[in-house]
Number of protein chains: 2
Amino acid sequence: MFKKILIAEDQQSANISLQKTLHDLQIETTDYVYYCDHALSWIKNAQRDQAPYDLLITDLSFEPDNNTQVLEHGTDLIREARNVHPDLKVIVFSGENRPSVIDDLFENLKIDGYVRKARHDADHLKQAIHTVYNEKRYQPSAIKQAIREENSFEFTTVDITIVSLLYQGEMQKNIPFILKQRQLKPCSLSSVEKRLNIMKEALGFVKNEQLAVYCKEKGLI
Amino acid sequence: MFKKILIAEDQQSANISLQKTLHDLQIETTDYVYYCDHALSWIKNAQRDQAPYDLLITDLSFEPDNNTQVLEHGTDLIREARNVHPDLKVIVFSGENRPSVIDDLFENLKIDGYVRKARHDADHLKQAIHTVYNEKRYQPSAIKQAIREENSFEFTTVDITIVSLLYQGEMQKNIPFILKQRQLKPCSLSSVEKRLNIMKEALGFVKNEQLAVYCKEKGLI
DNA sequence: TTCTGTCTTACGGAAAACCGTAAGACAAAA
DNA sequence: TTTTGTCTTACGGTTTTCCGTAAGACAGAA
């Protein structure tokens with residue numbers, strides 16, 4: 001089993017139960033920090049002292065407070081940690097439940113496991129630790145399924161761009177110019193209108209306002 | 001100090017740390033349930049057995065799972081609990097951080113305390129329990145301040161209704177009819193346009209899409 | 001190469017939203 | 001009561017969006 005684990009979690013109550021969970025697993029060394037910056041320091045120091053961590057368990061969102069931090073988000077921490085310690089195992093422990101966001105963690109940050117703060121999270125975390133220790137990914141099957149179900153409609157890059165631009169306040173009739181600048185196709189006004197219609201119809205909407213809220217909530221824009 | 005406390009929290013890890021926290025406070029009887037429906041049953045049974053709870057600590061959002069529940073949300077539980085036990089003290093322990101939503105809990109549900117799942121939540125919870133025990137409200141001052149700062153713009157009932165209707169897919173030109181049905185004023189098309197302009201200008205927006213997302217994120221609609 | 005089907009674009013009329021102005025309603029003060 | 005200022009409504013012209021149609025571009029098959 002893992003010998004040395006670092007926990008980065010700013011929420012005190014979550015941190016407490018993580019401590020208890022790891023204690024149950026009889027991990028030899030477990031360190032707990034409340035800030036991303038501290039986590040990175042500890043990882044660096046551990047490397048320097050030739051006693052690297054086996055596993056990082058981190059939250060995603062960290063509350064800003066008086067102690068200004070360089071790393072503001074769990075993803076920043078993961079990226080930096082991988083710089084100094086490329087083969088560090090990483091399990092993310094977060095409340096995030098947007099499948100597209102979680103999937104992105106596996107795809108782009110190559111995390112090893114994801115445990116959502118939810119009903120059986122403590123049990124799931126234990127499972128995740130065992131699974132990752134066995135060199136496997138702990139990726140709840142529900143996620144991939146949810147991605148498929150939820151995104152019953154497949155947004156193209158252009159789709160996302162169009163909705164983003166609307167959300168940023170661009171007038172629909174100006175969007176073709178911007179799409180051309182970004183070398184995206186199709187980029188005619190007709191196509192913009194058509195894509196908007198397709199998106200709305202697929203999701204049962206009639207107004208752009210609904211589409212914008214939907215995409216924002218799903219983390220697509 | 002409180003003798004008998006009930007905790008309704010579906011997130012296992014949060015539940016674990018709540019248990020530890022109450023243990024630290026040496027509460028005589030603490031019961032833990034993972035569903036709103038169970039919580040209500042326990043409250044009813046406690047009343048029947050003439051051993052009522054002194055305090056309910058509850059989350060707001062409960063994850064739906066296979067066990068279908070009558071009460072789906074913490075607010076439902078609080079309402080029902082108050083029906084059978086009007087003077088039950090209630091502390092809400094949740095991740096919700098939208099000031100308008102939290103304020104609503106104090107104003108309408110008359111909760112006694114709110115502790116947000118955040119950096120020092122375990123400490124805050126202890127404070128909250130002490131404060132509520134002393135017959136005072138535990139309402140983080142930051143909330144009222146945030147309400148003022150954040151809602152630099154004051155939305156009227158009509159404003160909220162207009163944005164809601166847009167979000168529900170109503171065409172702007174039909175909104176006057178609906179406002180008249182609901183006996184809201186002003187209700188002319190001109191006024192709808194004017195209110196939308198005022199809202200957008202106040203918040204630095206140019207498109208309704210931005211306004212809809214803003215109001216949705218703030219929990220105003 | 002030509003044919004064919006699909007995707008993209010262009011265009012134009014209709015509908016909706018936008019925006020300024022002026023008239024009307026209403027309440028508080030004189 | 002009248003006056004005054006503000007809020008609400010009505011109206012019309014302009015801009016933007018919507019939507020259907022047709023022309024054009026393009027890739028794959030014959």
Side-chain angles (χ1 to χ4, degrees), chain A residues 151-218 220-221, chain B residues 151-218 220-221:
Chain A
N151 286 14
S152 53
F153 177 74
E154 281 213 28
F155 289 88
T156 67
T157 309
V158 172
D159 291 341
I160 300 295
T161 308
I162 291 171
V163 181
S164 296
L165 289 170
L166 283 178
Y167 171 64
Q168 287 160 30
E170 285 296 338
M171 276 195 306
Q172 199 164 309
K173 64 169 188 141
N174 293 334
I175 290 183
F177 297 104
I178 302 174
L179 292 179
K180 277 169 193 139
Q181 281 177 5
R182 302 195 189 170
Q183 315 210 351
L184 291 171
K185 292 199 67 159
C187 59
S188 70
L189 186 53
S190 277
S191 295
V192 171
E193 295 169 354
K194 189 182 173 186
R195 293 312 303 173
L196 281 169
N197 275 337
I198 290 176
M199 285 188 269
K200 280 185 279 191
E201 174 151 21
L203 298 163
F205 297 150
V206 296
K207 301 215 63 172
N208 290 346
E209 285 87 337
Q210 304 171 291
L211 187 61
V213 170
Y214 176 89
C215 291
K216 197 68 174 29
E217 284 184 342
K218 294 281 183 220
L220 299 170
I221 60 175
Chain B
N151 286 14
S152 53
F153 177 73
E154 280 213 28
F155 289 88
T156 66
T157 309
V158 172
D159 291 341
I160 300 294
T161 308
I162 291 171
V163 181
S164 296
L165 289 170
L166 283 179
Y167 171 64
Q168 288 162 29
E170 284 297 338
M171 277 194 306
Q172 199 164 309
K173 64 168 188 143
N174 292 334
I175 291 183
F177 296 104
I178 303 173
L179 292 180
K180 278 170 193 138
Q181 280 176 4
R182 302 194 189 171
Q183 314 212 348
L184 291 171
K185 292 200 66 161
C187 58
S188 70
L189 186 54
S190 277
S191 295
V192 171
E193 294 170 352
K194 188 182 173 186
R195 292 312 302 174
L196 281 169
N197 275 336
I198 289 177
M199 285 188 268
K200 281 185 278 192
E201 173 150 24
L203 297 164
F205 297 150
V206 296
K207 301 215 64 173
N208 289 346
E209 285 87 337
Q210 304 172 292
L211 188 61
V213 170
Y214 177 88
C215 290
K216 197 68 176 25
E217 284 185 339
K218 294 280 184 221
L220 299 171
I221 61 176

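Order of the sequence lines sets the chain letters (A, B, ...), proteins ahead of strands, with each chain counted from 1.
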Where the side chain of [X] is concerned, which of [options] is the nearest nucleotide?
X: B:Ser188; options: D:dT9, C:dA17, D:dC18; value: D:dT9
X: B:Pro186; options: C:dT9, D:dT9, C:dC18; value: D:dT9
X: A:Ser190; options: D:dT9, C:dC19, C:dC11; value: C:dC11
X: A:Asn197; options: D:dC19, C:dA17, C:dG20; value: D:dC19

* Qualifying ring-ring contact (aromatic ring centres under 6.0 Å, His included) pairs with a residue from residues 171-205 of chain A, counting only residues at least two apart or across chains ->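 Passing the test, one end in residues 171-205 of chain A: A:Phe205-A:Tyr214.
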Rounded to whole angstroms, how far apart are [atom1] on [X] and [atom2] on [N]?
X: A:Glu193; N: D:dA22; atom1: CD; atom2: P; result: 17 Å
X: A:Lys200; N: D:dC19; atom1: NZ; atom2: C1'; result: 11 Å
X: B:Asn208; N: C:dA16; atom1: CG; atom2: C1'; result: 12 Å
X: A:Lys194; N: C:dC11; atom1: NZ; atom2: P; result: 18 Å
X: B:Glu209; N: D:dT16; atom1: CD; atom2: P; result: 15 Å
X: B:Arg195; N: C:dA17; atom1: CZ; atom2: P; result: 19 Å
X: A:Ile198; N: C:dT8; atom1: CD1; atom2: P; result: 9 Å

* Asked: Between CG of B:Leu166 and CG of A:Asn208, what distance do you get to the nearest 0.5 Å?
  ->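 One gets 11.0 Å once the value is rounded to the nearest 0.5 Å.
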* To do: Starting at SG of A:Cys187, measure out to CZ of A:Arg182 and round the result to the nearest 0.5 Å.
  =>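 One finds 12.5 Å between SG of A:Cys187 and CZ of A:Arg182.
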* To do: Would you mind telling me which of B:Asp159, B:Ile162, B:Ile175 makes a side chain to side chain contact (heavy atoms under 4.5 Å, CB included) with B:Leu196?
  =>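 Exactly one option meets the side chain to side chain contact (heavy atoms under 4.5 Å, CB included) with B:Leu196, and it is B:Ile162.
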* Asked: Testing B:Ile178, B:Thr156, B:Leu179 for side chain to side chain contact (heavy atoms under 4.5 Å, CB included) with B:Leu184, which one passes?
  ->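 The side chain to side chain contact (heavy atoms under 4.5 Å, CB included) with B:Leu184 is passed solely by B:Leu179 among B:Ile178, B:Thr156, B:Leu179.
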* Kindly say if A:Lys207 contacts the phosphate of C:dA16, meaning a side-chain N or O under 4.0 Å from OP1 or OP2. =>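 No, A:Lys207 has no side-chain N/O under 4.0 Å of OP1/OP2 on C:dA16.
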* Asked: Checking A:Asn197 side chain against A:Lys194 main chain: does a donor-acceptor pair fall under 3.5 Å?
  ->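 No; zero donor-acceptor contacts below 3.5 Å.
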* **Donor-acceptor contact below 3.5 Å, side chain B:Glu209 vs main chain A:Glu209** =>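 No; judged by distance alone, with no hydrogens or angles, the pair does not exist.
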* Asked: In residues 164-185 of chain A, what residues come within less than 4.0 Å of DNA chain C, judged by heavy atoms?
  ->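 Heavy-atom cutoff 4.0 Å gives A:Lys185.
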* Asked: B:Leu189 or A:Leu196: which one's nearest nucleotide on DNA chain D is closer to the 5' end?
  ->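 Here B:Leu189 is the residue nearer the 5' end.
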